[in-house]
Colleague: 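Pasting a structure below so you can have a look.
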Amino acid sequence: AASSHSPASSLNDSSASAARTDFSKEEGVDELQRQEDIWTGVPQAYSDETITCYHQHVGGSVHRFKYEVMIESDPAPVVAIARELDLMPNWHKFVSQSCIVENIPSHDGPGGSSFGGIWGYVELWFPWPLANRAMVVKCEVLDVLQETGAILVRLLSGDYDEGKLPTTSE
């Protein structure tokens with residue numbers, strides 16, 4: 001199972017170095033359990049044979065989403081999807097540009113296996129009179145299959161050196 005969760009304040013590590021991950025297997029398992037606890041008692045917003053979606057209105061304009069999918073596959077293609085951000089304009093008609101700004105190397109060590117990740121830039125097209133919107137994301141993929149039966153994909157918004165980012169089309 002692969003789960004995607006909205007970022008939690010405790011995960012906002014935008015000051016972390018983009019060159020390596022500080023996300024250990026133990027931290028991944030703990031975070032996965034903490035996230036599951038947040039969703040205890042929340043009813044499904046949508047479910048079919050391919051996906052289950054959950055929604056929480058946190059307050060004001062803040063919403064939290066959780067998606068669960070079962071992917072009958074080896075881990076490599078799943079990880080590849082998370083790392084191919086630069087290909088988004090080919091399949092998402094509202095992404096005007098995207099690129100990988102920096103790779104986060106994979107590693108096998110005492111803290112566990114990480115498939116690595118990326119710092120990426122995505123610009124979404126908006127119709128006139130609105131301007132396009134851009135975001136910088138950090139995506140890391142952690143192997144916790146033995147412990148939880150899941151590959152954990154951590155997706156965070158974050159700060160990145162503006163001098164390394166592409167310019168918008170506008």
Side-chain angles (χ1 to χ4, degrees), residues 1-23 27-28 31-32 35 38-39 45-46 48 50-71 73 75-107 114-143 150-170:
S3 295
S4 175
H5 305 287
S6 65
S9 60
S10 67
L11 289 180
N12 187 354
D13 64 351
S14 59
S15 63
S17 168
R20 65 180 199 79
T21 180
D22 292 321
F23 198 42
E27 291 167 324
E31 180 59 27
L32 190 57
Q35 289 291 330
I38 290 171
W39 294 95
Y46 175 82
D48 66 23
T50 61
I51 190 168
T52 302
C53 307
Y54 300 87
H55 169 258
Q56 288 181 347
H57 179 225
V58 178
S61 63
V62 179
H63 295 261
R64 181 180 289 143
F65 298 90
K66 174 183 171 183
Y67 306 97
E68 292 181 345
V69 295
M70 292 297 295
I71 301 172
S73 173
V78 178
V79 173
I81 291 170
R83 294 186 61 90
E84 292 177 350
L85 182 95
D86 54 326
L87 299 177
M88 278 183 84
N90 295 329
W91 56 268
H92 194 305
K93 67 181 181 179
F94 296 112
V95 173
S96 55
Q97 77 172 301
S98 65
C99 65
I100 295 172
V101 179
E102 189 166 340
N103 284 301
I104 300 170
S106 61
H107 68 75
S114 164
F115 292 111
I118 59 169
W119 276 94
Y121 172 89
V122 178
E123 182 179 321
L124 298 172
W125 172 85
F126 279 83
W128 184 89
L130 302 173
N132 288 0
R133 297 289 184 251
M135 65 183 133
V136 177
V137 295
K138 179 181 183 183
C139 179
E140 294 177 284
V141 182
L142 189 68
D143 176 1
I151 293 175
L152 182 59
V153 178
R154 182 170 79 153
L155 185 63
L156 307 166
S157 59
D159 296 326
Y160 198 86
D161 180 4
E162 282 189 41
K164 295 182 180 181
L165 298 176
T167 58
T168 62
S169 59
E170 295 183 344

Colleague: Enter the distance from Leu142:CG to Glu31:CD here, rounded to the nearest 0.5 Å.
Modeller: 11.5 Å
Colleague: Measure up the Phe65 and His55 rings against each other and bin them: parallel (under 30°), tilted (30 to 60°), perpendicular (over 60°).
Modeller: tilted
Colleague: Could you list the residues that satisfy side-chain hydrogen bond (donor to acceptor under 3.5 Å, both in side chains) with Thr52, not counting sequence neighbours?
Modeller: Ser47
Colleague: Looking at side-chain heavy atoms only, is the closest gap between Asn132 and Leu124 below 4.5 Å?
Modeller: no
Colleague: State, yes or no, whether a side-chain contact exists between Gln56 and Ile38 at a heavy-atom distance under 4.5 Å.
Modeller: yes
Colleague: Nearest 0.5 angstrom please: Met88 CE to Cys99 SG, how far?
Modeller: 12.0 Å
Colleague: So if I apply the side chain to side chain contact (heavy atoms under 4.5 Å, CB included) rule between Cys139 and each of Ile100, Leu85, Ile118, which one comes out positive?
Modeller: Ile118
Colleague: Only counting residues at least two apart or in another chain, list the ones meeting ring pair (Phe, Tyr, Trp, His ring centres under 6.0 Å) with His92.
Modeller: none
Colleague: What's the separation between atom CE in Met135 and atom OG in Ser98, rounded to the nearest 0.5 Å?
Modeller: 10.0 Å
Colleague: Say you draw a straight line from CG of Leu32 to CD of Glu27; how long is it, rounded to the nearest 0.5 Å?
Modeller: 13.5 Å
Colleague: Applying the side chain to side chain contact (heavy atoms under 4.5 Å, CB included) test to Glu123, which of Phe126, Trp125, Tyr121 qualifies?
Modeller: Tyr121
Colleague: With sequence neighbours excluded, what pairs up with Val58 under the side chain to side chain contact (heavy atoms under 4.5 Å, CB included) test?
Modeller: Val62, Arg64
